[in-house]
There are 2 protein chains.
Amino acid sequence: MDMNTELRNTCIDTLKHKGPGNACIQCGFRSSIFTKLSDEQFDKLALNKTFANAQKGEIIAKQYSEIKGFIFLRVGLAKLTRLNNDGREQIIGIATPKDFVGLLSIFSSKTYQYNIIAIENSEFCIVDYNLVLELVSTNGDFARTLLEKISQVADLMMETRLELERRQIRGRVAYIICYFANEIYKTTRFDLPVSRREIAELIDMRVENVVRILSEFRRDNIIRIEGTTIEILDQEKLRWIKMHG
Amino acid sequence: MDMNTELRNTCIDTLKHKGPGNACIQCGFRSSIFTKLSDEQFDKLALNKTFANAQKGEIIAKQYSEIKGFIFLRVGLAKLTRLNNDGREQIIGIATPKDFVGLLSIFSSKTYQYNIIAIENSEFCIVDYNLVLELVSTNGDFARTLLEKISQVADLMMETRLELERRQIRGRVAYIICYFANEIYKTTRFDLPVSRREIAELIDMRVENVVRILSEFRRDNIIRIEGTTIEILDQEKLRWIKMHG
DNA sequence: CATGTGCATTGTTATATATCAGAATTGATT
DNA sequence: AATCAATTCTGATATATAACAATGCACATG
């Protein structure tokens, strides 16, 4: 695949085509937090954004590196991680398409508080930081939308952490399987984008136990595992374990 | 103490006195997130806020009740809690004076996501929600300050949860003692405002174990316990446990 | 082909935490 | 003073999780 083909459908490549139906609209860029921008403001924003992509495993942003701008995940999947003092990597959450990744701490620090790492081949846009700030200052409705969005993200992240915390490992594994099935892939059969180790880092347990519980679920005919594919067989039972396990 | 004396120093009672040196300035109300307001805007805000106080144990705001406004904790201490499905109460964090409590989810929902409960006798002001929204729309600098503040609060809360999660009980207890000593009371000797049960709810472990670990710390001459008073005797050792325990 | 490396897996053992039961203490109320 | 309820505390035991050890497998590399 040559360079031209690869870029044909990216945000930056379609800047010339304005109005409904262009690729930027389709990719949800505007509908996410930029709904309240005027056409002029949106165009200016679009002109100042850059497109990039990341291979699975590639680092999109590094913890403690300077914040360059707002990162909009267009296609793919990314994990937010941080390195602990004890050298263990902790996964804070998963970013899905149309998310502004790292939105949370973007106004509190000059540097990223987390690593953003692609766990699937991903495409993303970076929006100039100062331009957004300018828009906050000049467009009150936009500011409000942004506040709402950040608030939502914060709530969701806290909720997830708190829900995970109070569960034991069976409940956690069930929770995370449901999370992938319901929130991310919206199907009962999907390819796990993360290794067992990463699941462990995400739900704060050991690799061996993740493996063990998954095997247990398989033995009990709750899930089917084929390579990296997982299929939920007994939604009822899985749900029960998620709630009471 | 009669009513007049009691109210003399409250925010609402000093509305008439403008300019530097009045009680509202002193209580940090303006310096928190309202630095960028014009005098007119600030006055309008001050006129639309109500003062209240809560006895230890009293509920300031109830989970899932409608959000009335921004709650500014003037004096005292409050805990943020939520009720789990399994009936256990989980403490999300502690709010200290000059905090806007419940700032996090205030833009994402019509209802409070957490209980706000006084754990010391407290005084607080409530600022009208719609007025703040109006200010967001009309004052870009204010909007930006608010974004920064929310971002900071979110970061701090996540950080705390993540730090607690990865520790075992000794480390958690040490962490929470240090938290009260360093962040809240800024002294090595203080009255614990929370019961053992509440500590357990805060750091996600069982009451018996909190008690046990505290006794252990006392036996090892790391802390001294006298009634509700705790004094840190061996800062070094406590710090070590906090990091590696 | 041989070798190495990382990941997934399983069993065994050690450790950490929860649970249960009961005693001691405190504070509030009568 | 007596009672009650809630909290703190301690010990014994059960359970959950981590740690350790070893194997197989897939895949890359020389």
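Below, chain A is the first sequence line, B the second, and so on; all start at residue 1.
The CD-P distance, from A/Glu216 to C/dT10, rounds to 11 Å in whole Å. Rounded to whole Å, the distance from CZ on A/Arg170 to C1' on D/dT17 is 10 Å. One atom, CZ of B/Arg196, and another, C1' of D/dT8, lie 7 Å apart when rounded to the nearest Å. For the pair B/Glu208 CD and C/dA21 C1', the interatomic distance rounds to 10 Å; values are reported in whole Å. Rounded to a whole Å, the CD1 atom of A/Ile213 is 16 Å from the P atom of C/dA8. Rounded to an integer number of Å, the gap from CZ of A/Arg219 to C1' of C/dT10 is 10 Å. Rounded to a whole Å, the CD atom of A/Glu201 is 13 Å from the C1' atom of C/dC7. What separates CZ of B/Arg212 from P of C/dA24 is a distance of 17 Å, to the nearest Å.
B/Arg82 and B/Asn84 share a donor-acceptor pair across their side chains, judged by distance under 3.5 Å alone.
Residue contacts for A/Arg218: at a heavy-atom cut-off of 4.0 Å it reaches the sugar-phosphate backbone alone, with no base atom in range.
At most 12 heavy atoms of other shown residues, nucleotides or ligands fall within 6.0 angstrom of atom CZ in A/Arg197.
Relative ring orientation between B/Phe70 and B/Tyr129 is described as parallel, the plane-to-plane angle staying below 30° on a 0-90° scale split at 30° and 60°. Ring orientation note: the planes of A/Tyr185 and A/Phe180 are close to parallel, at an angle under 30° on the 30°/60° scale.
Under 3.5 Å, the side chain of A/Arg197 and the base of C/dG6 form no donor-acceptor pair of N or O atoms. Taking only distance into account, the side chain of A/Arg206 never meets the base of C/dT15 through a donor-acceptor pair shorter than 3.5 Å.
Of the side-chain N and O atoms in B/Ser215, none sit less than 4.0 angstrom from OP1 or OP2 of D/dT8.
Between A/Asn209 and A/Gln168, the residue whose closest nucleotide on DNA chain C is further toward the 5' end is A/Asn209.
A distance of 13.5 Å separates CG of B/Asp234 from CZ of B/Arg224, quoted to the nearest 0.5 Å.
For B/Ser195, taking side-chain heavy atoms from C-beta onward, the closest of the listed nucleotides D/dT7, C/dA8, D/dC9 is D/dT7.
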